[in-house]
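What follows is a set of notes on a single structure, which appears directly below.
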2 protein chains.
Amino acid sequence: MRRDLVTAAVNLFTAQGYDETTVDDIAASAGVGRRTFFRYFKGKEDAVSPDHELGLARIAEVFATAHPTEPLLSVVLRAGETVFDLYLSDPGTARKRFALVHEVPALRDREAAMVHRYRRLFTKELAARLAGVEDGDLRAAVTGAAVVAAHNQALRRWLADGGTSEGTEACRAHFRKVADMLPLEQAPDLEQVARRLERAARSLERRA
Amino acid sequence: MRRDLVTAAVNLFTAQGYDETTVDDIAASAGVGRRTFFRYFKGKEDAVSPDHELGLARIAEVFATAHPTEPLLSVVLRAGETVFDLYLSDPGTARKRFALVHEVPALRDREAAMVHRYRRLFTKELAARLAGVEDGDLRAAVTGAAVVAAHNQALRRWLADGGTSEGTEACRAHFRKVADMLPLEQAPDLEQVARRLERAARSLERRA
DNA sequence: TGTTGAATGGCACGGAGTGCCGTTAGAGTG
DNA sequence: CACTCTAACGGCACTCCGTGCCATTCAACA
């Protein structure tokens, strides 16, 4: 039933435009009444991509069930990949949604709001795991935003390349590559290593 | 006139709630007709924080007029601070807006959409300046998101601390500190420094 | 067979946003 | 002062979104 309404909405939106399609059109196309539509969706915009709640829940689950000793970057990557799987499981509708979201202002704004929730979730989980670290919540905010941006960048490239199923592994590799440049464990370690080596070099120089 | 409508809207929203305030209420409170309201604002949500277009324009101007040899981090910091000035110039209404935006879902979503536009702008400008660099647009996307997150984090902390005008310099310092952990020039340089120092240490050790 | 509960759909209402048009104020001419 | 022209204003009416209310249907169950 939900599925029927979603497909009807996506088809009508792509065929005759978002603003030109009324909720009555969608309901009639799915063979139900207008009132029933609003029982399944909070609004007209929700008829496209109703899976975000599921994605958020899966990310939260990954963080909740992760072993405390697992490296933070590993947890983040696993959380991101669960969302990938949601998209990769249905590349066809993912492409249609992508096109719609990127040309209809109302849907673009709604997508931005959802991305905002993803970012907030990552930031919250990272902050909980960076408690005590110097500027922990700052690092969490910056890293959370970077993670979500990397994720979106990987998805966008995959979709721009046609959304073929062969590219799914490239999509994941892309996300990992971007995640490697995040300021998680890497940056502080490098700084520390540099300082330590600098001191060692100076002391050795004095000895020589 | 715009200003009257904005203050009327903010006051009514805070006093009796967003959903409970109609556009007629706002227009009547400002002494104009309902139709006039929609000539000044695209919608009810625009009556709060109508300065985002100006902020986006100022950022674009900073990037457009920056000298080509100026370090990228410096340009980013200057662009961010022009937006700070927009908030810091009127701390009182900034606090009211902050409270409203963070408790009204519709305004929160709209704010997220605006943050999305800021992020897109930074990403675009960074990508143009990272052309040719390995994974330039990936770095641009990640860095743009990180910059905006750092900016928001600094603003949020400033507002959470009461939004006093004495904290404006602390706000800027905060933004700079967070920007320092961004993967712009720093991370590659650090890596290079570490490798160079490692080699120097090994050669000194062999000599000793 | 009677009953209960959940899903449905029709109806009506309030509010957002928009097009149209008459009215008015205010600036610039003779 | 009288006239005109332009731009903003405000009222009116309309479409559509979203929601509360209620009657209907249908299936499960005692």
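Values below: all heavy atoms of this structure, side chains included; hydrogens, waters and symmetry mates excluded. Naming: A, B, ... by sequence-line order, numbering from 1 per chain.
At whole-Å resolution of the value, CZ in B/Phe41 and C1' in C/dT18 are 17 Å apart. Straight-line distance from the OH atom of A/Tyr18 to the P atom of C/dG17: 13 Å, rounded to whole Å. At whole-Å resolution of the value, CZ in B/Phe13 and C1' in C/dA16 are 12 Å apart. In this structure, A/Lys44 atom NZ and D/dT15 atom C1' are separated by 11 Å, rounded to whole Å. Taking atom NZ of B/Lys42 as the reference point, atom P of C/dG19 lies 15 Å away to the nearest angstrom. One interatomic measurement links the two molecules: CZ of B/Arg110 to P of C/dG17, which rounds to 10 Å at whole-angstrom precision. Put simply, CZ on A/Arg35 is 14 Å from P on C/dC11, counting in whole angstrom units. Here D/dC16 presents its C1' atom at 13 Å from CZ of B/Phe38, a figure rounded to the nearest Å.
Side-chain polar atoms of B/His151 and B/Tyr118 form no donor-acceptor pair below 3.5 angstrom. Under the 3.5 Å distance criterion, with hydrogens and angles disregarded, a donor-acceptor pair is assigned to the side chains of A/Asp90 and A/Thr93.
For D/dA8, neither phosphate oxygen OP1 nor OP2 lies less than 4.0 angstrom from any side-chain nitrogen or oxygen of B/Tyr40. At the phosphate of D/dG10, OP1 or OP2 sits under 4.0 Å from a side-chain N or O atom of B/Thr36.
You'll find a donor-acceptor pair under 3.5 Å spanning the side chain of A/Arg34 and the base of D/dG18, going by distance alone. Within 3.5 Å, no donor on the side chain of A/Arg39 pairs with an acceptor on the base of D/dG18, nor the reverse.
More than 12 heavy atoms of other residues, nucleotides or ligands lie within 6.0 Å of CD in B/Gln16, so this atom counts as buried by the packing criterion.
Distance check, rounded to the nearest 0.5 Å: CG of B/Leu5 to CG of B/Asp46 gives 12.0 Å.
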